[in-house]
Structure formats: structure tokens, C-alpha cells
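See below for the structure under consideration.
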Amino acid sequence: MQRGWERDQAQLKADVIEQDTEAWQSSPSFAGLERVGGVDLSYVKGDDTSACASLVVLSYPDLEVLYEDCCMVAVNAPYVAGFLAFREVPFLVDAMQRLEERRPGLRPQVLLVDGNGILHHRGFGLACHLGVLTGLPCIGVAKNLLQVDGLSNDELHKEQIRDLQAGGDTFPLSSTSGRILGMALRSYAKSTKPVYISVGHKMSLQSAVRLVHSCCKYRVPEPIRQADIRSREYIRKHVEASSAAVSQPERMSEDADSEH
DNA sequence: GCGACAG
DNA sequence: ATCTTGTCGC
């Protein structure tokens with residue numbers, strides 16, 4: 001099964017674009033950018049198939065929520081490091097399709113994805129996968145370093161993290177061969193732990209880092225943070241409602257009552 | 001046996 | 001991802 005997944009990744013990888021398709025590289029304030037999207041999945045504890053997929057769209061640069069979509073889904077693929085996309089991407093594509101049908105005018109111009117882009121075992125993480133399938137510019141934002149291609153969370157790495165003094169400070173993440181796969185970013189002045197940015201699709205690493213930083217009120221950029229908060233809350237209510245249905249069974253229907 | 005392991 | 005309250009500090 002994983003061999004098939006690797007084949008799919010290799011095929012889709014050919015379509016990844018690592019450069020800006022908008023004039024953002026040369027625009028300090030991202031002129032023309034008005035909507036940034038964020039996606040996330042939250043899982044129901046103790047249930048390996050129930051999850052909530054959420055997509056939010058925020059205004060830019062104000063970061064106000066313009067659109068929200070939370071949807072309970074039945075996850076079928078297991079979580080395997082390196083193949084996260086095969087577990088989560090179908091529901092995110094569905095969410096994008098619903099947005100396209102309901103509010104095409106709110107289509108985000110960029111999507112922030114929790115997970116990696118080209119910083120990946122085979123150079124094709126969730127952010128690339130979703131980018132190619134939707135055609136949207138995507139940025140990978142991981143909360144933990146994926147230790148691949150010579151990257152490791154060793155003493156040197158921790159030392160580099162300690163050197164990130166101010167919010168906005170970064171250091172490059174280079175592969176053994178010297179290619180820059182991503183950037184560690186101190187996204188929030190008060191947070192010691194960086195986030196790991198990598199190119200997903202249709203955007204350069206430089207623009208990606210700058211944009212993510214400009215979306216941060218806290219450590220996790222607001223679009224992803226809002227998607228996360230909302231999907232967790234949606235699950236909380238979902239679990240609450242289903243447990244109430246068990247302890248308080250539905251009353252017999254009228255048909256059943258009058259049947260006698 | 002030990003360490004890794006995006007979410 | 002999730003298990004989990006308070007708590008120390010700015």
C-alpha cells in the first residue's frame with residue numbers, strides 16, 4: 001500500500017511550483033492579498049476514525065474570520081509518518097469544494113497547512129499535496145521538526161534555536177546535500193519554540209516565511225490556530241451531544257406510539 | 001535494545 | 001493527534 005502512495009507522491013510532485021505566482025516577493029505588504037485560509041483536522045479521543053475537518057478563511061491583514069466550515073468525517077487511512085496527506089487531504093479537498101460552491105468569492109489566495117511541504121522524506125508533504133490538488137498556493141507550517149535528510153533535533157539545532165532572539169528571526173534548514181528545505185521561524189516574541197516553514201506550492205520560501213510571520217498573533221499562525229480551535233470545539237460539542245443521546249434515549253416516535 | 005515518529 | 005490543572009512568570 002505504501003508503495004502505491006510513494007508512486008502517487010512521485011507523480012504529483014512533478015507539478016509542485018516552488019516560486020511565487022503572485023508579485024509578493026517584491027511587495028513588503030503583500031499588496032492585493034485579502035484572504036488567507038487555514039486548514040486542520042482534530043481527532044476524537046479514543047476513536048481512530050472520527051475527526052473534524054475544518055477550513056477557515058481570514059481577512060488579510062486584519063485576520064478576522066470571514067468563513068468557517070467544520071465537518072465530521074470518517075478517516076480511513078492510518079497515520080503513517082511521511083504519508084500524512086493520504087489520511088487528511090481528501091477531507092480538505094472536500095472542504096475547498098464546498099467553499100467553491102457556497103462562497104466562491106471567499107476563496108483564499110493562500111492556504112496555511114499544518115504539516116510540511118517539501119521538507120519531507122520524498123520532498124512532497126501535505127502542503128504540497130494539497131496545493132497540487134487544489135491549485136492554490138500553500139505553505140507548510142509544522143510545529144515539530146521532521147528529522148529527515150540530515151536534519152535532526154540535536155545539540156547544534158537546539159543551539160540555533162537559542163540564537164533566535166527576536167520574533168521574526170530565522171535559520172535555514174539544509175539537507176545533507178546543501179539544499180534549503182525550510183526555515184525555522186521564531187514566530188512570536190514570547191515563544192522559545194520555533195515553527196518550521198516549508199514551501200508547499202506556488203510560493204517561495206522567503207515569501208512563505210514573511211507571510212506566516214505576518215499572520216502570527218501567537219506561536220501558531222492565526223489561520224491554522226483558528227481552524228484548530230474551531231475543529232476542537234466542534235468535536236467537543238459533537239461528543240457532548242452523542243453522549244447525551246445515549247443517556248437520554250430518543251422518545252418513541254408518534255407512529256410507534258399510535259401503532260397500538 | 002534504542003531512537004524516531006509532520007498530524 | 002490525545003491524555004490534562006494548576007502554576008510560575010512577565
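Only this structure's heavy atoms are used, side chains among them; waters, hydrogens and symmetry mates stay out.
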Would you classify F83(A) as touching base, sugar-phosphate or nothing, given that sugar-phosphate means primed atoms plus P, OP1 and OP2, and contacts are heavy atoms under 4.0 Å? base

What is the nucleic acid contact for G82(A), judged by heavy atoms within less than 4.0 Å: base, sugar-phosphate only, or nothing? base

Distance in angstrom units between [X] [atom1] and [N] [atom2], rounded:
X: K143(A); N: dA6(B); atom1: NZ; atom2: P; result: 11 Å
X: L126(A); N: dA1(C); atom1: CG; atom2: C1'; result: 14 Å
X: N116(A); N: dA4(B); atom1: CG; atom2: C1'; result: 15 Å
X: L151(A); N: dA4(B); atom1: CG; atom2: P; result: 14 Å
X: L185(A); N: dA6(B); atom1: CG; atom2: P; result: 20 Å
X: D228(A); N: dA6(B); atom1: CG; atom2: P; result: 16 Å
X: I229(A); N: dT2(C); atom1: CD1; atom2: P; result: 13 Å
X: L146(A); N: dG7(B); atom1: CG; atom2: C1'; result: 11 Å

[atom1] atom, [N] versus [M]: distance in rounded Å?
N: dT2(C); M: dC5(B); atom1: C1'; answer: 15 Å
N: dG6(C); M: dG1(B); atom1: P; answer: 40 Å
N: dC2(B); M: dT5(C); atom1: P; answer: 32 Å

Ignoring hydrogens and geometry beyond distance, is a side-chain donor-acceptor pair present between [X] and [Y] at under 3.5 Å?
X: Q25(A); Y: S204(A); answer: yes
X: R210(A); Y: Q206(A); answer: no
X: S214(A); Y: Y60(A); answer: yes

Starting from the 5' end of DNA chain C, give me the residue, D114(A) or K190(A), whose nearest nucleotide shows up first. D114(A)

Check every atom of dA4(B), dA6(B), dA1(C) against the side chain of Q147(A) and return the nucleotide holding the closest atom. dA4(B)

Select one nucleotide: of dG7(B), dC5(B), dT2(C), the one nearest the side-chain heavy atoms of A81(A). dC5(B)

Can the ring centroids of F83(A) and H129(A) be said to lie less than 6.0 angstrom from one another? no

Using ring centroids (six-membered ring only for Trp), state whether H157(A) and Y196(A) fall under 6.0 Å. yes

Is there a side-chain contact between R186(A) and T170(A), using heavy atoms and a 4.5 Å cut-off? no

Below 4.0 angstrom from OP1 or OP2 of [N], is there any side-chain N or O of [X]?
X: R87(A); N: dA1(C); value: no
X: N144(A); N: dG7(B); value: yes
X: Y43(A); N: dG7(B); value: no

Measure the spacing between OH of Y43(A) and CG of D48(A) and express it to the nearest 0.5 Å. 11.0 Å

Would Y79(A) pass as stacked on dA1(C), i.e. its ring centre under 5.5 Å from the base's six-membered ring centre and planes under 30° apart? no

Can you list, by residue number, the residues of residues 158-169 of chain A that have a non-hydrogen atom closer than 4.0 angstrom to DNA chain B? none

Under 4.0 Å between a side-chain nitrogen and a carboxylate oxygen: does that hold for R236(A) and E233(A)? yes

